[in-house]
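We're numbering straight along the sequence, starting at 1. All ligand and atom numbering here is 1-based and tracks the order in the structure.
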Amino acid sequence: MIGKCSSCFMKVNGVPNAKTCREPVREGLVVERQRGWVPPAAGVEELGSVEFREVETDLLVVGGGPAGLSAALKASECGLDVVVVDEHFKIGGQLLKQTHKFFGSVELFGGMRGFQIAEEYARRIGSSERIRVIPRSAVYGVFRGGLVGVVGENSHYVIKPRAVVGSTGASERYLDFVNNDLPGVIGAGGVQTIMNEYGVKPGDSALVVGSGNVGLIVAYQLLQAGVAVRAVVEILPEIGGWFVHAAKVRRYGVPILTQHTIKAVYGNGKVEEAEVVAVDENFNPIPGSEKKFRVDLVLLAVGLEPDTRLFSQCGAVMKWSPDLGGLVPLRTPDLETSVRNLYVAGDASGIEEATTAIMEGWVAALSAVSKLADKSRASRAEEELEKINKFLWEEYRASPVLARARRGKQSVTVSREEMEKIRAEHPPHVSFG
Ligand SMILES: Cc1cc2nc3c(=O)[nH]c(=O)nc-3n(C[C@H](O)[C@H](O)[C@H](O)COP(=O)(O)OP(=O)(O)OC[C@H]3O[C@@H](n4cnc5c(N)ncnc54)[C@H](O)[C@@H]3O)c2cc1C
């Protein structure tokens, strides 16, 4: 339910494989179940009046979450023409579903709620003459000559950018357990989509799996929406998220069961019951410790994984980082990957949080400006980039809360000189510029 998987594929108006989590409801919509290979309905080919457009731009931003939008604004303020492509019908990425207030300075939207930040970005971007947004469209591949393919509902673009910021975000992790495909088992981001973005109560009673900040925040939001949260289970011996978030959930009398995991869910066509089990110090289930909860919703908040398929497809050199949630591109301190003029920012660069995503967006944009703009703009961009990087690394990431992400990001950052050697050894399939 965050546009990242195939779980909600249905046939919409005869067209198969539509991600229904991103399909706006409208009059006369025909939505059908699909199974296996599904051909388009007869007559759908006639929709074939797909428009084909070629677009040239200075900077292409793939993904309109906080990282991509901050990059787009910064680059446009420095005189670059920008195209932003996003799969969703609204820009903002994960911010659209965040109802809690952000910390930090005014420049970093401190005191505003996530969805308000998304609205503010939409306002600023809407009034910029240098930024063009292509919503409801996906970047599906990059081809020789640095041509980027984008497909929308009734349009197909080939974009030729001088530089690209990849800010494609992350997908949610899933867990193996009995009947994990029953309707009612859902990711935390999915629940936020239904509840906070579309305004629908997602169930009556819930079990939350995972006590990191996402699990705790969403558990609290469920309680506020009138859903009875029966328990939060956490496989580790300690609660993963901040004390303040755990305290809010506990005030409602919700138990947080550490050293417990989910074993199975049961139900006739949908979740009716969930079974949890205690685990020993090696995470093995302890027989006889099972407990059952009558719930219709099992929410999985067990971490995120960077969405870096675009970078792999371009041939960027990647590195596995458990601290960052998975496979991410190697990058210079300016966030340029081993593919020249391809930058990475936000969750795609390694799971962190929205404020650092905004700052990485600035760094990536200023990096592109320092190469593409005229001399005076380029040198101003370099100065600003240095200041932001200093603040990001020496102050913001000095917080113990970000220690893991900081360690991870250090481990995938190489000097510009080192990157030149890596490029010589691993030439990418594509180039921009
Ligand atoms: C459930 C959940 C709860 C969270 N809670 C908090 C929190 O409380 N506080 C906090 O600071 N952070 C929180 N985060 C993290 C924060 O939201 C992210 O760190 C931040 O949104 C990352 O920004 P981003 O721009 O990198 O990615 P995203 O916000 O995920 O945006 C990526 C965008 O890219 C688009 N996209 C992806 N691939 C393509 C493609 N091929 N073509 C076109 N478009 C594409 C997507 O549609 C999406 O809009 C949460 C994240 C999740 C998932």
Short N or O distance, [X] and ligand 1, threshold 3.5 Å exclusive:
X      : result
Arg22  : yes
Val139 : yes
Gln98  : yes
Asp347 : yes
Gly346 : no

Just which atoms of ligand 1 are under 4.0 Å from any heavy atom in [X]?
X      : result
Gly93  : 29 (O), 31 (O), 49 (O)
Ala67  : 25 (O), 26 (O)
Val85  : 43 (C), 44 (N)
Ser137 : 43 (C)
Gly189 : 1 (C)
Gln94  : 17 (O), 21 (O), 28 (P), 29 (O), 30 (O), 53 (C)
Ala138 : 42 (N), 43 (C)

For Ser349 and Glu360, which I'm curious about, is there any donor-acceptor pair between the side chains at under 3.5 Å?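 Present: a donor and an acceptor within the cut-off.
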Between Gln94 and Asp347, is any side-chain donor less than 3.5 angstrom from a side-chain acceptor?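 The answer is no; no qualifying pair exists.
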Considering only heavy atoms, does Pro66 approach ligand 1 within less than 4.0 Å through its side chain, its backbone, both, or neither?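 Both parts.
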Candidates Val148, Thr57, Leu147 - the one meeting side-chain contact (heavy atoms from CB on, under 4.5 Å) with Lys160: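 Checked Val148, Thr57, Leu147 against Lys160; only one passes side-chain contact (heavy atoms from CB on, under 4.5 Å): Leu147.
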Check the pair Ile134, Ile159 against side chain to side chain contact (heavy atoms under 4.5 Å, CB included), reporting the backbone distance first and the verdict last. CA-CA 11 Å; Ile134 307 180; Ile159 301 185; 4.2 Å; yes
Given [options], which has its nearest heavy atom closest to [atom]?
atom                    : options                       : result
atom 53 (C) of ligand 1 : Ile91, Leu304, Leu216         : Leu304
atom 3 (C) of ligand 1  : His88, Arg309, His245, Gln192 : Gln192
atom 7 (C) of ligand 1  : His100, Lys4, Met1, Glu353    : His100
atom 46 (C) of ligand 1 : Asp86, Leu96, Leu95, Ile217   : Asp86

For [Y], is there an ion pair with [X] - N to carboxylate O distance below 4.0 angstrom?
X      : Y      : answer
Glu382 : Lys371 : no
Asp334 : Arg416 : yes
Glu352 : Arg397 : yes

List the atom pairs, donor and acceptor, that lie under 3.5 Å between side-chain atoms in residues 219-231 and the rest of the protein, sequence neighbours left out.
unit_1 : atom_1 : unit_2 : atom_2 : d
Gln221 : OE1    : Gln192 : NE2    : 3.3
Gln221 : OE1    : Asn196 : ND2    : 2.9
Gln221 : NE2    : Thr99  : OG1    : 3.0

Among all protein heavy atoms, pick the one closest to [atom] and tell me residue, atom and distance.
atom                    : result
atom 37 (C) of ligand 1 : Thr168 O, 3.3 Å
atom 44 (N) of ligand 1 : Glu87 N, 3.2 Å
atom 12 (N) of ligand 1 : Ala354 N, 3.6 Å

So is Gly3 in contact with ligand 1, going by heavy-atom distances below 4.0 Å?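 Flag not set, Gly3 not near ligand 1.
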Tell me, do His100 and Phe102 make a side-chain contact under 4.5 Å, heavy atoms counted?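 Yes - at least one pair of side-chain heavy atoms lies under 4.5 Å apart.
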Residue list, side-chain hydrogen bond (donor to acceptor under 3.5 Å, both in side chains) with Glu238, at least two apart or on another chain: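 None.
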Side chain to side chain contact (heavy atoms under 4.5 Å, CB included) between Thr356 and Tyr396: does it pass, once the steps are laid out? CA-CA 8 Å; Thr356 46; Tyr396 200 82; 3.6 Å; yes
Would you please indicate yes or no on a ring centroid separation below 6.0 angstrom for Tyr343 and Phe311?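 Judged by ring-centre distance (under 6.0 Å), Phe311 and Tyr343 do not meet the cut-off.
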Quick one: does any side-chain atom of Asn180 pair with a main-chain N or O of Leu175 as donor and acceptor, under 3.5 Å?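 Such a contact is found between Asn180 side chain and Leu175 backbone.
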